[in-house]
Every structure is written in structure tokens, then in C-alpha cells.
S.K.: 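I'd like to ask some things about the structure below.
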Amino acid sequence: MRRRAGGVSLPDSMKFWSQYFIPTLKESPADAEIPSHKLLIRAGLVRKLGGGLYTFLPLGLRVMQKLTQICREEIERGGGIELQMPHVHPAENWQQGPRWAAAREIMFRVDSAGDGKRGPREPEYVLGPTHEEVITPLIRAEITSYRDLPKNFFQIATKFRNEIRPRFGLMRAREFVMMDAYSFDTTDQGAIKSYQAMKTAYENFFRRIGAQAIAVEADTGVMGGSFSHEFMIPAEIGDDDILYSEASGYAANREKATSALVPADLPAAEPAGAVEEFATPGIVTIAALASAPYSVPGDKQFKTLVYIGDGKPFLVVLRGCDELEEAKLGSLGFGVFRPATPEEIEPVMGAKPGSLGTVKGTIKNPDALAGIFADQAIRLVGNGVTGANKDGFHLRNVNVQRDLAVTRFGDFRRVQAGEPDSISGQPLMLRRGIEVGHIFILGTKYSDKYGAVYTDDQKQNHPMVMGCYGIGISRTLQAIIEQGHDADGVVWPWNAAPFHVLICVLDPQLPEAMDLAKKLGAAAESAGADVLIDDRNERPGVKFKDADLIGIPLRLTIGGKGLKEGIFELKWRTSKDVAKVPLAEAEARIATAVREAQAKA
RNA sequence: CGGGGUGUAGCUUAGCCUGGUAGAGCGCCUGGUUUGGGACCAGGAGGUCGCAGGUUCGAAUCCUGUCGCCCCGACCA
């Protein structure tokens with residue numbers, strides 16, 4: 001692979017469209033909904049084999065090769081060592097690991113396709129959805145000394161996940177290309193260092209490929225701490241909500257986001273009077289209580305939710321106007337939890353949902369509860385209204401401090417756009433994003449299970465501290481298109497483009513036109529560009545439409561008319577301007593253009 | 001896996017309600033005229049109407065089942 005300053009080129013020489021294979025389509029297939037999916041197909045990048053299964057056509061493959069090469073370079077700069085693990089894993093590896101039960105639902109099993117013999121009940125082999133279960137036993141066997149740590153191994157390989165619902169082309173596929181890295185350190189501090197190196201490598205990778213990706217704090221699940229970031233490419237069709245502040249640089253997945261809605265020094269409210277029961281026949285929603293004749297606004301109500309955690313009910317108290325962010329309940333330490341059913345609620349609380357509350361002494365069977373967890377924001381209510389745990393009745397003048405039974409306060413509510421950022425105090429903004437990368441400190445979850453231990457300089461054994469890191473390369477390809485397209489087609493960033501320069505020869509039957517095309521192509525190549533020459537016998541309109549559709553950054557146009565004037569045209573995909581370039585300046589202008597593009601990329 | 005939709009030529013689709021030998025556009029092939037933003041004329045090839053049953057003299061059309069695909073939900077790179 002030739003390498004020029006900042007850019008990446010593939011090792012082959014210029015391609016001629018008539019000899020190559022770029023099947024473009026005027027119309028989108030009916031099964032594509034979003035722009036990037038339509039363009040993947042229309043620009044001749046991929047073709048579908050089945051749900052979530054795609055063939056990369058030559059153009060698409062070239063983009064993949066560019067992305068994987070840049071990824072490889074950046075992960076190596078971040079300390080990664082490349083290797084390649086099998087796609088087919090013995091099921092035993094997974095059975096010995098910590099997540100076989102959870103993961104097997106999305107795993108493909110592998111047996112003989114032979115006829116007449118049914119596969120065994122338990123799979124002998126599975127296709128790898130990720131590789132902790134392979135790398136950890138490998139490292140356990142090969143590394144035993146602190147002298148050989150830290151290490152960070154990565155591969156760029158196809159992954160298999162039998163997604164219940166593949167979606168949006170490459171966005172959620174059953175088979176996809178991912179860079180996955182696994183770091184092994186002797187200490188937590190070392191793991192954090194490896195993590196930071198990967199974070200930097202990711203930032204470099206996304207910047208080089210021309211993707212505007214942002215690192216956001218992500219839900220760490222059982223791990224706790226702040227050691228998980230997701231890399232998101234902002235896009236309307238994304239699956240995740242990101243809350244962010246440009247003023248402070250704060251950005252977090254909605255599952256994790258916090259705000260400064262509740263001032264740290266908020267004084268406890270003075271009681272407004274004695275707690276008082278009042279009848280609310282048939283009123284079982286926040287909205288109903290907020291309207292006449294009761295007219296209690298949502299932010300003056302307490303909302304009481306009942307969940308079952310590891311078999312035991314627990315309560316979550318929020319402001320009436322707030323939504324629960326379920327992922328935040330992960331911090332409570334339950335293995336599994338779910339909303340309780342009305343049948344489970346009544347015996348514990350003494351009322352049906354709609355009349356629940358946590359005022360001391362009103363809960364029918366408080367001993368059954370695993371805890372009462374209140375969101376901080378209820379302190380803003382001060383004195384409010386809550387259910388009386390008696391169907392058809394509520395309580396008013398309920399004071400948080402004086403009246404509510406609370407095991408512990410925490411952050412359980414879903415943050416909304418517009419709330420003040422905890423750092424800058426400016427309003428948080430909201431946008432949708434596509435998750436293209438994730439970095440995570442694993443701790444010793446896998447090293448414990450597989451016995452991956454090292455001996456320190458005191459001859460003591462310790463489990464290695466692991467981190468894992470993933471970049472969805474094929475998903476990133478599509479995210480780049482989602483981020484970079486217009487009404488006419490793809491607009492490739494320089495470093496991700498399948499070719500950098502497209503030379504449109506409008507009159508390919510003229511030998512002097514083709515000679516010039518090859519000459520300009522050679523000039524572009526020697527400046528470090530990948531070149532495609534459109535030498536097809538098509539009308540100019542067809543060529544221009546296809547050029548815009550496949551989105552090559554720099555277009556050079558050679559026509560019979562221009563040849564007579566001694567000029568060709570130079571046009572960037574991102575601009576409407578067409579520059580007429582005298583043939584005498586051809587080489588210099590092309591070299592300058594290519595170098596400028598490389599420098600900006 | 002739950003809810004909704006859909007399956008007709010390589011692609012986009014009409015026809016289905018109200019059963020009677022399957023139509024168009026794009027693309028493709030041949031010839032001609034064209035040639036700076038998806039040309040035009042003439043001719044041509046291409047479809048067991050997803051599959052399997054059923055109703056009927058007769059099914060793309062009605063019924064049942066099944067499979068594929070798409071969208072919404074939970075999950076993920």
C-alpha cells in the first residue's frame with residue numbers, strides 16, 4: 001500500500017470504468033428506506049444476499065480496504081498488536097465463559113450441513129460475535145509474567161450475530177466487519193492508560209476517515225465508573241439519543257446523561273402544612289390529576305413506580321413530570337429487574353397503580369420491599385401530592401424531608417434537552433447518533449473466569465485487568481454516507497473514497513481524449529491519488545449523473561470542445577464551481593489539488 | 001419474539017376490491033438518428049405472478065398454511 005502524507009491509497013493502478021464493475025441504479029430498491037442504504041445500493045457499493053447479509057462490490061470493497069487500513073494504522077499507533085482469530089469457535093470456549101447463556105441467543109451455531117444426520121442438541125461450534133472467549137484463554141496460556149504486560153491485541157475481522165432484526169443495510173447486519181481489541185494490564189491504572197490510548201486512537205481514526213464522530217459517556221452497566229465511551233456519528237436515523245453541551249464539551253448517551261437540574265445546595269423545603277387526604281375517584285394518571293378540578297401540576301406530584309429486582313419488589317420515586325431512565329436502575333445492583341405487574345403491586349402497596357405513594361406508614365407491607373429509591377429531583381417538589389396507597393385517594397402537603405420513606409436518593413430520571421449542563425450550566429442539546437465504536441474497561445470479569453493471571457515481582461498471582469474495544473467498520477462505512485450525501489449521491493471524504501479522482505472522458509472515441517485522460521491520471525497517481533477513468537460510450541448526462549452518484553471527490557472532465565480550446569475541467573464533488581484548466585498547467589494543477597485535498601483530509 | 005405491511009421480468013411498479021389466456025417505465029439486445037447534466041425512433045428478448053394446498057369450469061386476483069423481505073418495539077459495532 002502506497003502511503004502519502006495523511007492519506008491512504010490502494011496499491012493498484014488506475015481503473016477504466018468500461019473494464020471495471022460499478023453497477024449504478026437510477027431507482028432505489030423498494031426495501032431501502034434511509035438515504036445511506038439507498039445510496040449503498042444505487043452507487044454500486046453492495047448487493048444484498050439475504051437479510052443483513054451483503055456482498056461488497058468492487059467499489060464498496062475499496063472503501064472497506066481504505067477504512068481497515070487507516071484503522072489498522074491508528075490502533076497500532078495506540079499500542080495495538082494485530083493478530084487474527086478464528087471465526088469458528090468451539091462452543092466449550094463460550095460455555096466456560098461468563099455470558100454463554102445471554103449470548104447464545106444471537107449466536108450462529110455451526111454444524112455439518114450434511115443430510116440425514118440431525119445436528120446435536122447443543123452446538124459443537126459457534127460463529128464468533130466477538131472474541132473475549134478466544135483471546136482470554138490464549139493469553140492465559142501464553143502470558144504469565146508481569147514482564148510481558150501490558151499488551152493490547154486487535155484484529156479486523158468479520159463478526160457474526162444472528163440479529164433478531166437486521167436493519168438499514170449495513171447498519172445492523174448479521175455479518176459485519178469489526179475491529180476488536182483486547183488490552184491486558186497488571187493494574188487498574190494500567191488498564192485506564194490502555195483505555196485512554198484507545199480513546200485517542202479512535203479519535204484519530206474517525207478524524208482521518210472524515211467522519212464527525214463524538215465520544216460520549218456511555219452506560220457501564222455492572223462495571224460502574226466512567227470507563228465506557230461510545231463513539232457516535234450524529235445522524236437522524238441513529239438508534240441512540242445523545243445529550244451534549246458545546247460550551248463544556250460534555251456529551252453522554254441518554255442512558256447515562258445527567259444534568260444540573262437539581263442545585264447541589266438546594267435547601268430542604270419547609271412543610272406547607274399537615275398531610276391531608278383527599279378523594280380522587282377514578283384518577284389514576286399524572287395528567288388527570290394535573291387537570292381540573294384538582295389542577296396539581298406534574299412537577300408538584302410524586303410518581304411511584306414498582307419494580308421487581310432479583311425477585312423482590314422495590315420502589316422508585318420520581319417527579320410526576322419526569323420519566324424513569326431504566327438503564328440507571330443498573331446502579332442499584334440488581335442482577336435482573338423488570339416492572340412489577342398490577343397483581344404483584346396491590347398486596348405490597350395496598351392499592352392499584354395510580355394511587356401509589358411512599359408516605360411513611362401508608363405502605364401496606366413495607367417489609368416486602370428491597371428498598372425505596374428516590375430521584376434527586378423530587379427535592380424540587382418540596383411539598384406535593386402523592387397517592388395514599390388507597391384506591392381513589394391522594395395525599396397533599398407531602399413534604400419530601402418530613403413525610404417520604406426513602407432508602408436512598410439517586411439519579412434515575414431521564415434527562416431532557418434544555419436542562420442545564422452540570423459543567424457549564426448552559427442548556428443541554430439533544431441529537432440522534434449512530435454508535436460506531438465502543439471502548440470499555442472489563443476489569444477481571446474474563447480473566448477470573450478463564451484463569452488469566454500473571455505473577456508480579458513479589459511472586460504473587462493476580463488476574464489481569466482487561467479492556468475491550470470495538471469499531472464497526474462496515475457500519476462506519478454506511479454512517480459516512482449517511483453523514484455525507486446530497487440529493488445527487490454520495491459525497492465521500494477524501495480518505496474514505498473508493499477513488500480520489502474521476503476522469504470523465506466525454507468523447508472516449510477520440511484517441512487524443514483518452515491519451516490526455518491517461519496522462520492526467522498518471523499525474524494524479526504520482527501525487528498519491530487513486531484514479532478512475534470513465535471511458536464508457538455513454539452520453540455526458542449519464543456520466544455526470546453517475547459521477548455525482550458515486551461521489552468521487554475530484555472530477556476532471558475531458559471533452560472534445562475543451563480539447564479544441566486546449567483546456568480540461570476540474571470540479572470538486574462538494575462544489576458547483578467548474579475550473580477550466582489549460583493543458584499546459586495540467587500536471588501542476590492536479591498535483592496541487594491532490595496535495596491540498598490530502599492535507600485537508 | 002410481539003405489532004404492522006409487503007411479495008407480479010434484473011430494478012420500479014399497474015392489475016387484485018368486482019376471478020376469464022399478465023401490462024407499463026427503467027435496464028438489456030439489434031439497427032438508425034443523436035451527443036456537455038440520466039436522448040429519440042423502430043424492432044426484440046425476458047415473468048411457473050414467493051411457495052404449497054384449497055374453492056372454482058377457470059385463480060396474480062378469493063380462502064388456508066408456509067417462507068422471504070420491509071417498518072415499529074426490546075438488543076447491539
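Convention: sequence-line order gives letters A, B, ...; per-chain numbering from 1.
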S.K.: How many Å lie between CG on A/Asp534 and C1' on B/G36, as a whole number?
M.R.: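 So the two atoms are 13 Å apart, to the nearest Å.
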S.K.: Answer yes or no: is there a donor N or O on one side and an acceptor on the other, between the side chain of A/His37 and the main chain of A/Ile34, under 3.5 Å?
M.R.: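 The answer is no, because no donor-acceptor pair under 3.5 Å joins these two groups.
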S.K.: Both distances under 3.5 Å, Watson-Crick or G-U wobble: report the partner of B/G68, or none.
M.R.: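 Per the H-bond distance test, B/U6.
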S.K.: Does B/U12 have OP1 or OP2 under 4.0 Å away from a side-chain N or O of A/Lys26?
M.R.: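 Looking at the OP1 and OP2 atoms of B/U12, neither is under 4.0 Å from any side-chain N or O of A/Lys26.
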S.K.: Check nucleotides 29-35 of chain B for protein N or O atoms closer than 3.5 Å to its own N or O atoms and list the pairs.
M.R.:
from	atom 1	to	atom 2	distance (Å)
B/U34	O2	A/Arg539	NH1	2.8

S.K.: Could you grab the distance from atom CD1 of A/Ile106 to atom CZ of A/Phe108, nearest 0.5 Å is fine?
M.R.: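 Nearest 0.5 Å value for the CD1-CZ distance: 9.0 Å.
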S.K.: Please report the distance separating the P of B/C16 from the corresponding atom of B/A52, rounded so that it comes out in whole Å.
M.R.: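 So the two P atoms sit 24 Å from each other.
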S.K.: Between A/Phe314 and A/Phe373, is the ring centroid distance below 6.0 Å?
M.R.: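 Distance test on ring centres: under 6.0 Å, yes.
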S.K.: Should B/A24 form a Watson-Crick or G-U wobble pair with both distances under 3.5 Å, which nucleotide is its partner?
M.R.: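 WC or wobble partner is B/U12.
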S.K.: Is the closest basic N to carboxylate O distance between A/Asp507 and A/Lys561 below 4.0 Å?
M.R.: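 Not counted as a salt bridge, because no side-chain N and carboxylate O are separated by less than 4.0 Å.
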S.K.: If B/G43 has a Watson-Crick or G-U wobble mate with both distances under 3.5 Å, name it; if not, just say none.
M.R.: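 For B/G43, the partner nucleotide comes out as B/C29, under the 3.5 Å rule.
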S.K.: When rounded to the nearest Å, what value does the distance between P atoms of B/G47 and B/A9 take?
M.R.: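 To the nearest whole Å, 10 Å.
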S.K.: Using a 4.0 Å heavy-atom cut-off across all strands, classify A/Arg42 as base, sugar-phosphate, or nothing.
M.R.: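 The answer is base, as A/Arg42 lies within the cut-off (heavy atoms under 4.0 Å) of a base atom.
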S.K.: Might you list the N or O atoms of the protein lying below 3.5 Å from N or O atoms in nucleotides 75-77 of chain B, with each pair's distance?
M.R.:
from	atom 1	to	atom 2	distance (Å)
B/C75	N3	A/Arg172	NH1	3.0
B/C75	N3	A/Arg172	NH2	3.0
B/C75	N4	A/Arg172	NH2	2.6
B/C76	O3'	A/Arg161	NH1	3.3
B/C76	O2'	A/Arg161	NH1	2.4
B/C76	O2	A/Arg475	NH2	2.8
B/C76	N4	A/Asp239	OD2	3.1
B/A77	OP2	A/Glu435	OE2	3.4
B/A77	O3'	A/Glu435	OE2	3.1
B/A77	O3'	A/Gly437	N	3.4
B/A77	O2'	A/Glu435	O	3.3
B/A77	O2'	A/Val436	O	3.0
B/A77	O2'	A/Gly472	N	3.3
B/A77	N7	A/Arg161	NH1	3.3
B/A77	N6	A/Ala173	O	3.2

S.K.: For B/G37, does the base pair up with any side-chain atom of A/Arg555 as donor and acceptor (N or O, under 3.5 Å, distance only)?
M.R.: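 Counting by modelled atom types and ignoring angles, a donor-acceptor contact under 3.5 Å is found here.
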S.K.: Using atom CZ of A/Phe21 as one end and atom C1' of B/G10 as the other, report the distance to the nearest whole Å.
M.R.: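 Checked: the CZ to C1' distance equals 11 Å.
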S.K.: With both distances kept under 3.5 Å, what pairs with B/U48, Watson-Crick or G-U wobble?
M.R.: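 Base partner found: none.
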S.K.: With the threshold set at 4.0 Å, does a side-chain nitrogen-carboxylate oxygen contact exist between A/Asp240 and A/Arg432?
M.R.: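 No.
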S.K.: What is the distance, rounded to the nearest whole Å, between atom CZ of A/Arg432 and atom P of B/C72?
M.R.: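 Those two atoms, CZ and P, are 10 Å apart.
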S.K.: Between B/U55 and B/A60, how far apart are the two P atoms, rounded to whole Å?
M.R.: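 Taking atom P in both B/U55 and B/A60, they lie 16 Å apart.
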S.K.: Answer yes when A/Glu323 and A/Arg414 have at least one side-chain N-carboxylate O distance shorter than 4.0 Å, and no when they do not.
M.R.: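 Not counted as a salt bridge, because no side-chain N and carboxylate O are separated by less than 4.0 Å.
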S.K.: Give a yes or no on whether a salt bridge exists between A/Arg431 and A/Asp241, defined as a side-chain N under 4.0 angstrom from a carboxylate O.
M.R.: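 Looking at A/Asp241 together with A/Arg431, the answer is no, because their closest N to O distance does not fall below 4.0 Å.
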S.K.: For A/Gly562, which contact category applies under a 4.0 Å heavy-atom criterion: base, sugar-phosphate, or nothing?
M.R.: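 Base, at least one base atom sits under 4.0 Å.
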S.K.: For nucleotides B/G65 and B/G5, find the distance between their P atoms and express it as a whole number of Å.
M.R.: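 Roughly 15 Å separates the two P atoms.
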S.K.: Would you call A/Lys328-A/Glu255 a salt bridge at under 4.0 Å N-O?
M.R.: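 No, no charged N to carboxylate O under 4.0 Å.
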S.K.: What's A/Lys48 touching, base or sugar-phosphate or nothing? Going by heavy atoms closer than 4.0 Å.
M.R.: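 Sugar-phosphate: the residue A/Lys48, judged by heavy atoms under 4.0 Å, touches backbone atoms but no base.
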S.K.: Using OP1 and OP2 only, check whether a side-chain N or O of A/Arg165 sits under 4.0 Å from B/A74.
M.R.: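 No, A/Arg165 has no side-chain N/O under 4.0 Å of OP1/OP2 on B/A74.
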S.K.: Between atom CD1 in A/Ile237 and atom C1' in B/C71, what is the gap in whole Å?
M.R.: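 It is 14 Å, rounded to the nearest whole Å.
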S.K.: Got a sec, which residues hit salt bridge (charged side-chain N to carboxylate O under 4.0 Å, His left out) with A/Glu585, two or more places apart in sequence or on another chain?
M.R.: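 With sequence neighbours excluded, A/Glu585 shows a salt bridge (charged side-chain N to carboxylate O under 4.0 Å, His left out) to A/Arg589, given in chain and number order.
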S.K.: Starting at the 5' end of RNA chain B, which residue's closest nucleotide do you reach first, A/Ser28 or A/Lys545?
M.R.: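 Comparing both residues, the 5'-ward one is A/Ser28.
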S.K.: Between A/Thr24 and A/Pro166, which has a closest nucleotide on RNA chain B that is more 5'?
M.R.: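 Going by which nucleotide is closer to the 5' end, it is A/Thr24.
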S.K.: Can you tell me how far C1' in B/G46 sits from the matching atom in B/C51, rounded to whole Å?
M.R.: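 Each nucleotide's C1' atom is 22 Å from the other's.
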S.K.: Is the shortest distance from a Lys or Arg side-chain nitrogen in A/Arg413 or A/Glu325 to a carboxylate oxygen in the other one below 4.0 Å?
M.R.: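 No, A/Arg413 and A/Glu325 are not salt-bridged.
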S.K.: Round to a whole Å and report the spacing from CG of A/Asp31 to P of B/C72.
M.R.: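 Rounded to whole Å, this separation is 13 Å.
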S.K.: Rounded off to whole Å, could you give me the NE2-to-P distance for the A/His37 and B/C70 pair?
M.R.: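 So the NE2-P distance, A/His37 to B/C70, works out to 7 Å.
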S.K.: What's the NZ-P distance between A/Lys38 and B/C11, to the nearest Å?
M.R.: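 Roughly 17 Å, once rounded to whole Å.
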S.K.: Taking only the P atom of each, what is the distance from B/G23 to B/U64 in whole angstrom?
M.R.: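 Nearest-Å result for B/G23 against B/U64 at atom P: 29 Å.
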S.K.: For A/Gly559, answer base if it contacts any base atom (sugar-phosphate contacts may also be present), sugar-phosphate if it contacts only those atoms, and nothing otherwise; contact means non-hydrogen atoms under 4.0 Å.
M.R.: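 It contacts base atoms.
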S.K.: Could you tell me if the ring centre of A/Tyr202 sits under 6.0 Å from that of A/Phe231?
M.R.: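 Between A/Tyr202 and A/Phe231, the centre distance is under 6.0 Å.
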S.K.: Quick one: do A/Lys151 and A/Asp185 make a salt bridge, cutoff under 4.0 Å?
M.R.: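 So A/Lys151 does not pair with A/Asp185 through a salt bridge.
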S.K.: What is the distance from NZ of A/Lys571 to C1' of B/G36, rounded to the nearest Å?
M.R.: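 Taking atom C1' of B/G36 as the reference, NZ of A/Lys571 is at 14 Å.
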S.K.: Using the C1' atom as the point on both nucleotides, what is the distance between B/A14 and B/C29, in whole Å?
M.R.: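 The answer is 25 Å between these two C1' atoms.
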S.K.: Who is the Watson-Crick or G-U wobble partner of B/C1, with both distances under 3.5 Å?
M.R.: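 With both distances under 3.5 Å, B/C1 matches B/G73.
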S.K.: How would you label the contact of A/Phe168 with the nucleic acid (heavy atoms, under 4.0 Å): base, sugar-phosphate, or nothing?
M.R.: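 Touches sugar-phosphate only.
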S.K.: Taking pairing as Watson-Crick or G-U wobble with both contacts under 3.5 Å, can you name the mate of B/A59, or confirm there isn't one?
M.R.: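 Its partner is none (no Watson-Crick or G-U wobble pair with both distances under 3.5 Å).
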S.K.: Expressed in whole Å, how much space separates the C1' atoms belonging to B/G19 and B/C62?
M.R.: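 It works out to 8 Å between them.
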